[in-house]
Number of protein chains: 2
Amino acid sequence: MARAATTSDAFNAIAEPRRRQIIGLLAHGERPVNEVVKKLRIAQPQVSKHLGVLEKVGLVTVREAGRQRFYKLNAKALKPIHDWVKTFERLWNERLDRLADYLNELQAQEKPK
Amino acid sequence: MARAATTSDAFNAIAEPRRRQIIGLLAHGERPVNEVVKKLRIAQPQVSKHLGVLEKVGLVTVREAGRQRFYKLNAKALKPIHDWVKTFERLWNERLDRLADYLNELQAQEKPK
DNA sequence: CGAATATATTCCCATATCGGAATACAACAA
DNA sequence: TTGTTGTATTCCGATATGGGAATATATTCG
């Protein structure tokens with residue numbers, strides 16, 4: 001087996017920095033492909049490919065209008081990621097961190113050089 | 001160029017489901033490799049490899065004790081991910097969602113079959 | 001020392017990736 | 001029709017993955 005497909009997961013899809021950029025841009029609202037190309041300065045074919053990945057995992061939806069395709073962010077698809085990371089939030093906010101630091105300081109003072 | 005290395009980023013590192021599992025386990029505290037092996041039922045070499053990746057991106061730290069190595073979660077390294085996803089939180093909480101749904105319903109009623 | 005235990009490393013393989021370049025396609029314009 | 005514009009698809013090559021299996025390394029035990 002190889003690495004999981006980028007299209008298998010929102011987790012895998014957002015591992016790509018450019019896809020995160022695209023998501024960031026689409027957060028301001030629906031956009032046609034060409035605008036993504038211009039704003040982010042990524043070649044058109046790659047933009048289409050990245051959008052394809054995002055669509056496959058449900059992170060964006062498309063609306064066709066003439067020869068343009070407007071891509072729209074479907075933020076809900078990011079929630080699983082948020083939920084997962086949030087689980088660990090307390091671990092980095094915890095005052096225990098400071099407490100530990102404090103205790104270390106105390107210990108350091110007890111054994112002055 | 002190929003896909004970015006799994007070791008290039010926390011984003012890339014957590015794309016792997018098993019690595020997320022490992023992180024989940026280590027959230028309860030420091031653990032030796034063998035306990036991860038037993039609890040998650042992943043072959044030992046793969047566990048060592050996954051832990052290696054997590055270490056490289058700073059998601060875990062190691063403490064050596066005799067022939068054991070205790071891996072500990074460094075939750076802070078997850079914060080960038082949290083921060084990024086959080087940016088979009090309002091987009092899925094937004095009541096605008098409900099408003100849109102409501103308006104659609106209205107429209108549907110105006111044009112009764 | 002030799003055996004056992006805990007963990008890491010190395011090889012191998014099937015599989016995808018991402019970017020670039022070229023090209024296909026569809027809608028619209030003249 | 002022919003040309004143009006907006007987007008998608010295909011082919012290429014370099015690269016790395018993750019699992020499995022075998023093996024290496026280090027520490028502890030008897």
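Order of the sequence lines fixes the chain letters, A, B, ..., with proteins taken first and strands second; residue numbering starts at 1 for each chain.
- B:Phe70 and B:Leu73 end up in different hydrophobic clusters when Ile, Leu, Val, Met, Phe, Trp and Tyr side chains are linked at under 4.5 Å.
- Residues of residues 22-39 of chain B that place a heavy atom closer than 4.0 Å to DNA chain C, in numerical order, are B:Pro32, B:Val33, B:Asn34.
- Of all the residues in residues 56-72 of chain A, A:Gly66, A:Arg67 reach under 4.0 Å from DNA chain C with at least one non-hydrogen atom.
- In terms of heavy atoms, B:Ser8 sits closest to B:Val57 at N-CG1, 4.3 Å.
- Using bins of under 30°, 30° to 60° and over 60° for the plane-to-plane angle, the ring pair A:Trp84/A:Phe11 lands in the perpendicular bin.
- In terms of modelled atom types and a separation under 3.5 Å, the side chain of B:Arg20 and the main chain of B:Ala15 share a donor-acceptor contact.
- Cluster annotation: A:Val53 and A:Leu78 are assigned to distinct hydrophobic clusters (Ile/Leu/Val/Met/Phe/Trp/Tyr, side-chain heavy-atom contacts under 4.5 Å, transitive).
- Here the side chains of A:Ser48 and A:Gln44 are in contact, with some heavy-atom distance below 4.5 Å.
- If you take CG of A:Leu51 and P of C:dG19, they are 12 Å apart, rounded to a whole angstrom.
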**OP:** Sugar-phosphate atoms are those with a prime plus P, OP1 and OP2; base atoms are the rest. Using that split, label each nucleotide of nucleotides 17-24 of chain D B, S or - for protein heavy atoms under 4.0 Å, 5' to 3'.
**Re:** BBBBBB--

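- Between the CD1 atom of A:Ile14 and the P atom of C:dC18 there is a distance of 13 Å, rounded to whole Å.
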**OP:** Applying side-chain contact (heavy atoms from CB on, under 4.5 Å), run through A:Ile22 and A:Val60 and close with a yes or a no.
**Re:** CA-CA 10 Å; A:Ile22 293 178; A:Val60 303; 5.9 Å; no

Original post:
Could you go step by step and tell me if A:Arg19 and A:Thr6 meet the side-chain contact (heavy atoms from CB on, under 4.5 Å) rule?
Top reply: CA-CA 11 Å; A:Arg19 281 196 288 266; A:Thr6 54; 3.5 Å; yes

**OP:** Would you check, one step at a time, whether the test side-chain contact (heavy atoms from CB on, under 4.5 Å) holds for B:Arg18 with B:Leu40?
**Re:** CA-CA 9 Å; B:Arg18 291 175 210 261; B:Leu40 302 187; over 6 Å; no

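- The main-chain N or O of B:Gly58 is found under 3.5 Å from a side-chain atom of B:Asn74 such that the two form a donor-acceptor pair.
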